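Notes follow the structure.
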Amino acid sequence: MLTVTSPNTVDWENMPLDEMAYGNAIDCDLTKRCGDLMVDELDYLGCLDLYENCLSLILPIMAEVENKGLLVDTDELNDIGSLLETEIERIENKMFTILPKGSFEKGEVNFASPKQLGEVMFSSKGLKMTPRMWSEKTGEPSTSEAHIKDLSKDLRRDKKANESRIEFLDCLLEYRKRVKQFKTYVNGIKSALEYNGDGRVYSQYNFATVVTGRLSCSAPQVKKRVEGKRGKVNKIFKKGVSFHTLPRPDEEGKDRVNIRDMFIADNGYTFLAADYSAAELRVLAHVSQEPNLIQAFKSGEDLHKYTASLVYGKTIDKITKKERQIAKSVSFLIVYGGGPEKLADQVGISIEEAKDVFFKFFKAYPGIKFWMEATAASIREKKYSESIFGRRRHLPNVDSPNNKLKHQAIRQGINFIIQSSASDIMLHGILSLYARSRKIGLEILATVHDSIEAQISHEKISEAAEIMRSSLSDTSIFKKLYDIDFAVPMAVDVEIGSSFGDVKEAHFDEKGNLTNAQELSEYVQTKANSRSY
DNA sequence: GCTGACGGCGCC
DNA sequence: AAAGGGCGCCGTCAGC
């Protein structure tokens, strides 16, 4: 609320209603007055259409999503919880046996403290490794994953002499991952369930957080004064988790822990997820108007294979997994502003090879290079960049005397256009879907940047799948609303299953009909029948 | 006991 | 020459 200067010290839950009503009234008044001014400003800047066609409409829809929340499978939660507990204990014990005898005993050192862990890894008392990356802010030796992997890779050159070090580093990464899963999700969801009391968890979708216009997602919290304690608010209760950071299992199926399995559709409902395939690269095709990239998307071929075939001068059927992976990486690095060094690091090739890949990529898609250069020039001149829907990001750092900041601003500006445009396409997709969802009873449960999660009663999965696919992929609305001829189709994949973590691809025929409905629905029903709800 | 900065890492 | 965009959340630690 606008009128609250220190929200963390206010006890909302115990506030008298009239006091809260008064505060809210002031907020409404101020918001309205600010709103009128801002509408004029939006009009002046050329993005009032976006606000009226999309942003103003989507707010109440997301409020509905927030209030609906998601059902948690508590059996799954408990299973994952005890699995993680024993796993964490096992790894921790193992780590202490690896350390030199008499150096660090269990209970004496906390691996979660980068400072203490640094002692273990780098001091003469510990594993005596030589650091080569340091924190930018504090100058302390880094214990980051990148550093650990780098050290580990080097140690493996003399495997015999470094056996225990390598093992420790492997354990450390595993330990961190499991601890994070346990602390953030098992603990987090358990305490949320305890507070909510309805078996559900909730997320909050924030509209004015992300510079590009993406929604951010966070766990709503209640600040509360606990009985028996004096003074102001002294406890924070979380009502859920951020849905945007839920981990995926390392290897689908192989990892026994899949945090996403804990989130399920309501009893009698099937879980559906629709996501745009390569949304940002499609936007890149549109803004750059690169003919080969446009053709790649129009062809309906696998994009990364298509790109690889241009880069390596081979037919698509000759493209190896590795070549496809390289083509995929280089595409995303372009969107983020990454260079050959990152590519080499990511896919395990030499920097020379990586430079060659970049060269050939730009040769295959010359319009991308041209667009990036033209865009950079425009950003330097105007000090801002602008998305296809008229959103702007101001980038004063293009004039910074600091080279790093200067180049960073250019990358941010280029990425802004792509990320922001993709984000608004998705918001329009939500609107289209919502408009068609009511009559079949489809309910949106969550959104994650380029995907929408929803539920539908079992018997209507075919209709629901088709509605999700067709609403999200409809680009004709951009012509209608903004006179934009979108250059490529927005392809959408739909998945259907028994939980957020357990979905299988839906297949459609040319007419858009779901062809594997029978198989999917049997699978989902079987799963649902085994649940206690 | 609280706050904010920081390291670290999850996702798109 | 070097260059990864955008977030949220956890624990630790220093400072008040």
Side-chain angles (χ1 to χ4, degrees), chain A residues 6 8-9 110-118 133-148 172-173 175-188 203-206 209-221 229-236 238 240-250 259-260 275-276 278-281 284 329-330 332-343 345-346 351 358 376 385 393 395 402-420 422-423 426 446-451:
Chain A
S6 49
N8 288 346
T9 65
N110 179 1
F111 294 138
S113 158
K115 202 175 169 184
Q116 295 178 40
L117 180 59
M133 289 171 66
W134 289 267
S135 152
E136 205 149 308
K137 298 269 163 70
T138 59
E140 293 297 312
S142 166
T143 67
S144 70
E145 184 171 340
H147 192 195
I148 289 169
L172 178 58
L173 292 180
Y175 174 79
R176 278 201 182 140
K177 186 177 69 195
R178 297 309 189 193
V179 167
K180 180 161 191 169
Q181 290 178 337
F182 188 77
K183 300 260 187 214
T184 308
Y185 297 102
V186 175
N187 281 349
S203 324
Q204 179 178 302
Y205 292 89
N206 311 295
T209 300
V210 185
V211 285
T212 57
R214 273 185 174 180
L215 300 179
S216 99
C217 178
S218 54
Q221 46 184 248
K229 296 216 179 185
R230 303 194 140 274
K232 30 184 200 188
V233 170
N234 50 33
K235 192 139 172 63
I236 294 175
K238 295 219 173 233
V241 290
S242 165
F243 258 80
H244 288 181
T245 53
L246 291 176
R248 290 176 171 283
D250 314 287
I259 299 292
R260 295 180 176 220
D275 50 295
Y276 288 103
E280 296 190 335
L281 295 173
L284 178 59
S329 286
V330 72
F332 283 108
L333 285 168
I334 300 261
V335 171
Y336 298 151
E341 295 78 9
K342 283 284 169 190
L343 179 64
D345 188 45
Q346 259 177 31
I351 290 181
F358 266 77
S385 69
R393 177 170 184 178
L395 298 153
N402 180 331
N403 249 331
K404 198 180 156 179
L405 294 180
K406 200 160 79 180
H407 292 293
Q408 186 182 35
I410 297 296
R411 292 194 295 274
Q412 287 169 328
I414 290 175
N415 177 264
F416 171 83
I417 297 171
I418 299 168
Q419 189 183 117
S420 176
S423 168
M426 160 75 169
T447 74
V448 192
H449 306 311
D450 60 1
S451 73

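What you are looking at is a predicted structure, and each value in this text was computed from that prediction instead of being measured. Throughout, a chain's letter reflects where its sequence line sits, starting with A, and its residues are numbered from 1.
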Per-pair stack call A:Tyr336 and C:dG5, 5.5 Å, 30° = yes
May I ask you to say what A:Thr209 touches in the nucleic acid, namely base, sugar-phosphate or nothing, with a heavy-atom cut-off under 4.0 Å?
-> sugar-phosphate
Take atom P in C:dA3 and the same atom in B:dG10, then report the distance between them in whole Å.
-> 22 Å
When you check the phosphate oxygens OP1 and OP2 of C:dC13, does a side-chain N or O of A:Gln116 lie under 4.0 Å from one of them?
-> yes
Integer-rounded Å distance: C:dG5 P and A:Ile410 CD1 = 12 Å
Atom CG of A:Asp345 to atom C1' of C:dA2: distance rounded to whole Å?
-> 14 Å
How is A:Lys180 classified with respect to the nucleic acid when contacts are heavy atoms under 4.0 Å: base, sugar-phosphate, or nothing?
-> base
Any A:Thr143 side-chain nitrogen or oxygen under 4.0 Å from OP1 or OP2 of B:dG8 | yes
For A:Met426 and A:Thr447, which heavy atoms make the closest approach, and how far apart are they?
-> CE-CB, 3.8 Å
Short side-chain N/O contact from A:Arg411 to OP1 or OP2 of C:dA3, under 4.0 Å = no
A:Arg176 side chain N/O closer than 4.0 Å to the phosphate oxygens (OP1, OP2) of C:dC10?
-> no
Go through C:dA1, C:dG8, B:dC12 for me and flag the one nearest to the A:Thr245 side chain.
-> C:dG8
Do the side chains of A:Val241 and A:Thr184 get nearer than 4.5 Å, heavy atoms only?
-> no
Do any side-chain nitrogens or oxygens of A:Lys115 fall under 4.0 Å of OP1 or OP2 in C:dA14?
-> yes
Side chain of A:Ser218 only, please: which of B:dG10, C:dG6, C:dC9 is the nearest?
-> C:dC9
Are any of A:Arg260's side-chain N or O atoms less than 4.0 Å away from OP1 or OP2 of B:dC11?
-> no
Of A:Arg393 and A:Pro340, whose nearest nucleotide on DNA chain C comes first from the 5' end?
-> A:Pro340
Looking only at side chains, do A:Arg178 and A:Gln181 share a donor and an acceptor under 3.5 Å apart?
-> yes
Does a side-chain N or O from A:Thr184 land closer than 4.0 Å to OP1 or OP2 of C:dC10, or not?
-> no
Between A:Gln408 and A:Asn206, whichever has its closest DNA chain C nucleotide further toward 5' is A:Gln408
Using a cut-off of strictly less than 4.0 Å, decide whether A:Asn110 has a side-chain nitrogen or oxygen near OP1 or OP2 of C:dT12.
-> yes
Taking NE2 from A:His244 and P from C:dC10, how many angstroms apart are they, rounded to a whole number?
-> 16 Å
Flag side-chain contact, heavy atom, 4.5 Å: A:Glu341 against A:Ile351 | yes
Test item: A:Gln412 and A:Val211 side chains (from C-beta on) under 4.5 Å apart, heavy atoms | no
With the side chain of A:Arg248 defined as its heavy atoms from C-beta on, choose the nearest nucleotide among B:dG10, C:dG5, B:dC12.
-> B:dC12
Does A:Gln419 place a side-chain N or O at less than 4.0 Å from the phosphate oxygens OP1/OP2 of B:dC12?
-> no
How many Å lie between CZ on A:Phe243 and P on B:dC11, as a whole number?
-> 14 Å
Could you tell me whether A:Gly337 contacts a base, only the sugar-phosphate backbone, or nothing, with contacts defined as non-hydrogen atoms closer than 4.0 Å?
-> sugar-phosphate
For the side chain of A:Ser113, counting heavy atoms from C-beta on, which of C:dC9, C:dC13, C:dG6 is nearest?
-> C:dC13
Please walk me through it: do A:Ser216 and A:Asn206 pass side chain to side chain donor-acceptor pair (under 3.5 Å)?
-> CA-CA 5 Å; A:Ser216 99; A:Asn206 311 295; 2.8 Å; yes
Once the angle between the rings of A:His244 and A:His449 is folded into 0 to 90°, is it parallel (under 30°), tilted (30 to 60°) or perpendicular (over 60°)?
-> tilted
Rounded off to whole Å, could you give me the CZ-to-C1' distance for the A:Phe358 and C:dA2 pair?
-> 13 Å
For B:dG8, take OP1 and OP2 only and decide whether either is under 4.0 Å from a side-chain N or O of A:Ser142.
-> yes
Remember a base hit wins even if backbone is also touched, and classify A:Gln346 as base, sugar-phosphate or nothing at under 4.0 Å, heavy atoms.
-> base
Just how far, in rounded Å, is P of C:dC9 from NZ of A:Lys183?
-> 17 Å
